[in-house]
Amino acid sequence: MSENIENNDESLFSAPPLAEQERMIEAMLFASSEPLDLREMAARMPHGSDPAEALVLLRKRYEGRGVRLVRVGEGWAMRTAPDLGHLMRREVVETRKLSRAAIETLAIIAYHQPVTRAEIEEIRGVSVSRGTVDQLLEMEWIRFGRRKMTPGRPVTFVVTGTFLDHFGLESVRDLPGLDELRAAGLLDNRPPPGAMPRADPDEETEAAPGQSELFED
Amino acid sequence: MSENIENNDESLFSAPPLAEQERMIEAMLFASSEPLDLREMAARMPHGSDPAEALVLLRKRYEGRGVRLVRVGEGWAMRTAPDLGHLMRREVVETRKLSRAAIETLAIIAYHQPVTRAEIEEIRGVSVSRGTVDQLLEMEWIRFGRRKMTPGRPVTFVVTGTFLDHFGLESVRDLPGLDELRAAGLLDNRPPPGAMPRADPDEETEAAPGQSELFED
Amino acid sequence: MAEDEFEEGAKAVPLAARLAAETLIVDVDGFEGPLDLLLTLSRTQKVDLRRISVLQLAQQYLAFVERAKALRLELAADYLVMAAWLAFLKSRLLLPPDPTEEGPSGAELAAHLAFQLERLQAMRDCAARLMGRDRLGRDFFARGLPEDVTRRRATRYTATLLDLMQAYARIRTRDEFRPFVMDRDAIQTMEQALERLRKLIGFAGNWTDLAHYLPEGFTTDPARRRSATAATFAAALELVREGRAEIRQAGEFAPVELRRKD
């Protein structure tokens with residue numbers, strides 16, 4: 001009985017204030033697992049409510065916030081601001097050993113810096129892939145040095161402070177020299193061959209544009 | 001001293017403005033259905049951010065809105081305002097009806113935690129069935145606490161963050177009537193004078209393996 | 001457990017007998033143990049639980065048990081244990097205290113029982129208040145469409161100084177390189193390994209897998225690898241004994257790692 005009277009009163013007094021309607025759609029859109037359209041919202045709200053008007057207010061309220069009111073098809077939904085998407089990702093770091101090509105390239109740069117790509121290729125006897133250099137650059141173990149004052153002014157590579165930190169070196173001069181490597185049994189007793197195996201000269205010229213490309217990056 | 005200045009400098013330079021931090025925690029809290037604690041938020045934010053300060057702002061911003069920022073134990077979460085529950089009928093998740101034994105056991109754990117099974121039985125005057133405890137554990141409303149430093153080192157039960165979240169409590173200190181109960185001495189661990197009428201004196205020792213079994217799970 | 005036994009007992013009663021019984025007895029399977037029954041009985045006293053007459057309550061309980069017996073209701077053991085204890089309490093409360101007798105007085109026992117009842121009632125009230133609160137998923141709601149945190153895998157590459165030195169040595173000796181050990185058989189002696197390791201250990205500033213110390217040419221062929229591993233391991237232990245190196249292993253079958261000791 002009293003409930004009936006209350007219901008009557010409610011419809012007699014018409015819809016709740018707009019601010020209250022705004023709260024209502026805010027709660028509904030937050031809790032809903034799918035976008036809601038105006039009809040659905042109106043059906044759940046007290047008689048006489050106007051979700052369209054309240055939506056305009058709510059949308060304005062969330063402008064520039066971490067969450068936005070967006071239109072999805074016929075309906076409306078709350079979504080996190082696109083510029084904050086990076087907060088919804090978590091990085092899982094996995095440690096892997098550097099490839100043989102990368103460690104050899106790195107060793108040559110460390111022992112011969114500043115060194116050009118052509119020189120690295122000459123020492124290694126194989127061409128150096130773009131990926132390998134990129135990887136070392138990305139790890140910040142190597143960086144670009146000064147251009148060489150030779151024809152074509154090729155860029156050079158040098159190792160970085162990050163590199164020294166990682167290997168616990170004060171400077172590259174602390175790297176064991178060839179004599180020490182030999183003494184440690186890492187090098188053959190016989191002297192290394194005087195002439196290094198030369199890489200294919202074509203490879204060198206091919207590599208050049210790659211270098212300047214890298215430099216531009 | 002100089003370190004302090006440096007730290008200040010660093011946070012001045014690296015941390016985003018407070019308003020931006022507020023947007024960030026707003027987005028993170030909106031995106032999650034589970035409460036997030038300060039540590040989790042800080043880990044996802046740029047270095048030098050202070051989610052605690054931004055939380056104060058955000059909480060104020062949502063005061064009186066359809067959605068609120070609430071504290072849940074160690075964490076924070078966005079929840080719809082309770083007075084708007086009637087609009088969300090469609091979202092209601094039918095929860096399994098709890099038995100009277102389960103409800104009482106839950107209340108005893110909440111108000112007396114950490115509490116052993118024997119203590120629960122002492123309060124209720126009846127043995128606690130395995131199923132009752134299992135159900136509460138499964139709902140993640142209770143969990144095992146530390147073992148008591150009494151003979152037999154019995155396991156204890158405590159309520160969880162999920163429990164606090166479900167009942168809209170900031171912490172167990174906010175349990176209704178807690179202060180009155182404490183003042184009335186009803187939460188005291190009052191030992192019975194002399195021997196008490198226990199249903200089965202062997203029960204306590206019998207319960208022990210069951211408990212540790214549970215603990216292993 | 002006790003509840004179940006009790007329920008079975010209650011079901012065994014013929015319907016006619018149940019109808020004839022008092023309300024309390026009809027409801028007997030609704031009780032959660034003797035304390036619950038006592039709490040219900042106490043309500044008939046219509047007083048504050050702190051001022052309850054425990055003596056009267058004991059009498060009510062005993063009367064209940066008598067009636068249950070008359071109806072041939074099988075009461076669960078704990079109800080009977082409580083009856084026996086209350087009979088004892090009743091006698092203590094009625095008789096003047098015997099100063100020679102040890103143990104708690106009747107009044108102390110009665111006070112504790114009253115405390116237990118009050119505490120149980122308080123917990124019941126708390127449970128009711130708790131369940132009456134606004135609840136998640138019923139009165140207030142979490143985000144209906146949570147956006148999960150996606151995990152992105154990032155790979156971090158690493159290398160040790162020894163890797164670097166070995167790589168450089170490998171390059172400088174390529175083609176011409178024929179390790180002298182290759183001229184011998186598939187055995188590396190411990191003396192050889194020790195001599196080699198003594199020179200190398202100075203560069204091992206960070207933890208390095210022992211497998212990296214195996215000489216060139218001894219890493220692929222299983223027989224050579226076994227020999228070199230055993231010799232290098234023994235040599236490593238020797239260096240540790242001399243206090244020149246530290247050795248560690250994270251777990252069974254995990255790599256054995258070596259580091260120079262400064």
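There is no contact between B:L29 and chain C, counting heavy-atom distances below 4.5 Å. Looking at B:M88, the atoms closer than 4.5 Å to chain C (heavy atoms on both sides) sit in the backbone and in the side chain alike. Looking at B:I108, both its backbone and its side chain come within 4.5 Å of chain C, counting heavy atoms on both sides. Heavy-atom distances place the side chain of B:H112, and not its backbone, under 4.5 Å from chain C. With a threshold of 4.5 angstrom between heavy atoms, B:F167 approaches chain C through its backbone and through its side chain. Of the two parts of B:L187, only the side chain, counted from C-beta on, holds a non-hydrogen atom closer than 4.5 Å to a non-hydrogen atom of chain C.
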List the steps and the verdict of side-chain contact (heavy atoms from CB on, under 4.5 Å) for B:M78 and C:R143.
CA-CA 7 Å; B:M78 301 289 265; C:R143 180 74 190 271; over 6 Å; no
Mind running salt bridge (charged side-chain N to carboxylate O under 4.0 Å, His left out) on C:D36 and B:R100 for me, showing each step along the way?
CA-CA 12 Å; C:D36 184 33; B:R100 179 171 147 183; 3.0 Å; yes
Could you go through B:V67 and C:F140, starting from their C-alpha distance and side-chain angles, then the distance that decides it, and tell me whether this counts as side-chain contact (heavy atoms from CB on, under 4.5 Å)?
CA-CA 9 Å; B:V67 179; C:F140 61 94; over 6 Å; no
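A salt bridge links B:E122 with C:R119: at least one charged nitrogen is closer than 4.0 Å to a carboxylate oxygen. Ion pairing of B:R79 with C:D134 is absent here, as no side-chain N (NZ or NE/NH1/NH2) approaches a carboxylate O to less than 4.0 Å.
When side chains are defined from C-beta on, B:H86 does not count as touching C:D139, because their heavy atoms never get closer than 4.5 Å. Within the 4.5 Å cutoff, the side chain of C:R133 has no heavy atoms near those of the B:H166 side chain. The shortest side-chain heavy-atom distance between B:E104 and C:M123 does not fall under the 4.5 Å cut-off.
Residue pairs satisfying the side-chain hydrogen bond (donor to acceptor under 3.5 Å, both in side chains) criterion with at least one member in residues 244-260 of chain C, sequence neighbours excluded, are listed as follows: C:E246-C:R259, C:R248-C:E257, C:R260-C:D262. Counting only residues at least two apart or in different chains, side-chain hydrogen bond (donor to acceptor under 3.5 Å, both in side chains) contacts with residues 172-185 of chain B are absent.
Contact tally against chain C (heavy-atom pairs below 4.5 Å) for B:A81, B:G168, B:A110, B:S32: the top residue is B:G168. When B:I103, B:I123, B:L178, B:L175 are compared by the number of non-hydrogen pairs under 4.5 Å with chain C, B:I123 comes out ahead. If you tally non-hydrogen atom pairs under 4.5 Å between each of C:A122, C:C126, C:G137 and chain B, the highest count goes to C:C126.
Because its NZ or CZ atom is both nearer than 6.0 Å to the ring centre of C:F115 and within 45° of the ring axis, B:R190 counts as a cation-pi partner of that residue.
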